[in-house]
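Notes for the one structure printed next.
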Number of protein chains: 2
Amino acid sequence: MAIDVTPFAGCCGSVTDTALDEGAAGELAAAFKVLADPVRLRLLSMVATAPAGEACACDLVLPLGRSQPTVSHHLTMLVDAGLLTRERRGKWAWYRVVPERLALLRDALAP
Amino acid sequence: MAIDVTPFAGCCGSVTDTALDEGAAGELAAAFKVLADPVRLRLLSMVATAPAGEACACDLVLPLGRSQPTVSHHLTMLVDAGLLTRERRGKWAWYRVVPERLALLRDALAP
DNA sequence: ACTATACATTGATGATCATCAATACGTTGC
DNA sequence: GCAACGTATTGATGATCATCAATGTATAGT
């Protein structure tokens, strides 16, 4: 089941801006939780640095040293978090990063 | 036991820069894991937005609605992660944010 | 010294999560 | 239709973690 289609609706404001209320803190925490895993970070960076800005899931399993279901699970989490998009082409699934989403999280740490 | 005095030694490079190796991904993930909690995010923003750039622990317990030990635990995690500094003055403990540390994490999400 | 206060630590518990084996689903080619 | 392949889902398990009550450790005031 999808974790949350719009975790951290966050449009503006940084942690150093104004004190976060409980709701905003929960959404932001959920967003960072997705980044708080080595496998997901590697997946994100592998897709981000892939040749045409996209990567096939078939090329991500072996280098990570995890089972196919585990990699698929992490990719789904990244998609659900809005950090990646998934596009099926035939038997393969291709992933691209969503820069705006990454920027949103980065801005949450702005001074 | 302190989690790690220098988690994410990270000096340079973003997730979109070059593919992360297992070690770097682990350090980065550990750093984000500290941010991946609502209470810690609220603590961070409360300290960041505090009047003189510092906040007394005594003023952080009630607004969070958590027990004193729980708040103390989260503050310790933030200090161990290098995101906050702690200074004891008499009976009180005063916290300040470490902007450089926050910037380090922000840069890890740079395009 | 004694008491009260502020904070940290310990120990225990329930919840969340990463992981894999097994299985299901959808697509391609024969 | 059938077999092979790439991917997603299910179910189970061990590990990690947030939380609190109880306790420990200082410091300040009387």
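Numbers restart at 1 for each chain; the letters A, B, ... are given by sequence-line order, proteins then strands. The model shown is predicted, which means the values in this text are computed figures rather than measured ones.
- By the rule that hydrophobic residues join a cluster once side-chain heavy atoms approach within less than 4.5 Å of another member, L78(B) and V61(B) end up as members of one cluster.
- Every side chain to side chain contact (heavy atoms under 4.5 Å, CB included) that A29(B) has, sequence neighbours left out, goes to P38(A), L41(A).
- Judged as a side-chain hydrogen bond (donor to acceptor under 3.5 Å, both in side chains), and not counting sequence neighbours, the contacts of T16(B) are S14(B).
- Rounded to a whole Å, the CD atom of E87(B) is 17 Å from the C1' atom of dA8(C).
- Within the structure, the disulfide bond (SG atoms under 2.5 Å apart) test picks out the following pairs touching residues 37-111 of chain A (sequence neighbours left out): C56(A)-C58(A).
- Partners of R88(A) according to the side chain to side chain contact (heavy atoms under 4.5 Å, CB included) rule, which considers only residues two or more places apart in sequence or in another chain, do not exist here.
- Of the residues in residues 50-58 of chain A, those with a non-hydrogen atom less than 4.0 angstrom from any atom of DNA chain D are C56(A), A57(A), C58(A).
- With sequence neighbours left out, the side-chain hydrogen bond (donor to acceptor under 3.5 Å, both in side chains) criterion links T70(B) to S67(B).
- Taking atom CH2 of W94(A) as the reference point, atom P of dA8(D) lies 13 Å away to the nearest angstrom.
- Every residue meeting the side chain to side chain contact (heavy atoms under 4.5 Å, CB included) condition with V79(A), not counting sequence neighbours, appears here in chain and number order: L84(A), R86(A), Y95(A).
- Evaluation of the ring-ring contact (aromatic ring centres under 6.0 Å, His included) rule for F32(A) yields F32(B) as partners, not counting sequence neighbours.
- Between the CZ atom of R86(B) and the C1' atom of dA8(C) there is a distance of 8 Å, rounded to whole Å.
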Between N or O atoms, less than 3.5 Å apart, protein on one side and nucleotides 27-30 of chain C on the other: list the pairs.
none

In 5'-to-3' order, the base (B), backbone-only (S) or no-contact (-) status of each nucleotide in nucleotides 11-24 of chain D, using a 4.0 angstrom heavy-atom cut-off, is ------SSBBBB--
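- Remark: T85(A) engages no residue in a side-chain hydrogen bond (donor to acceptor under 3.5 Å, both in side chains) (not counting sequence neighbours).
- Atoms CG (D59(B)) and C1' (dA6(C)) sit 12 Å apart, rounded to a whole Å.
- Legend: residues meeting side-chain hydrogen bond (donor to acceptor under 3.5 Å, both in side chains) with Q68(A), ordered by chain and number and at least two apart, are absent.
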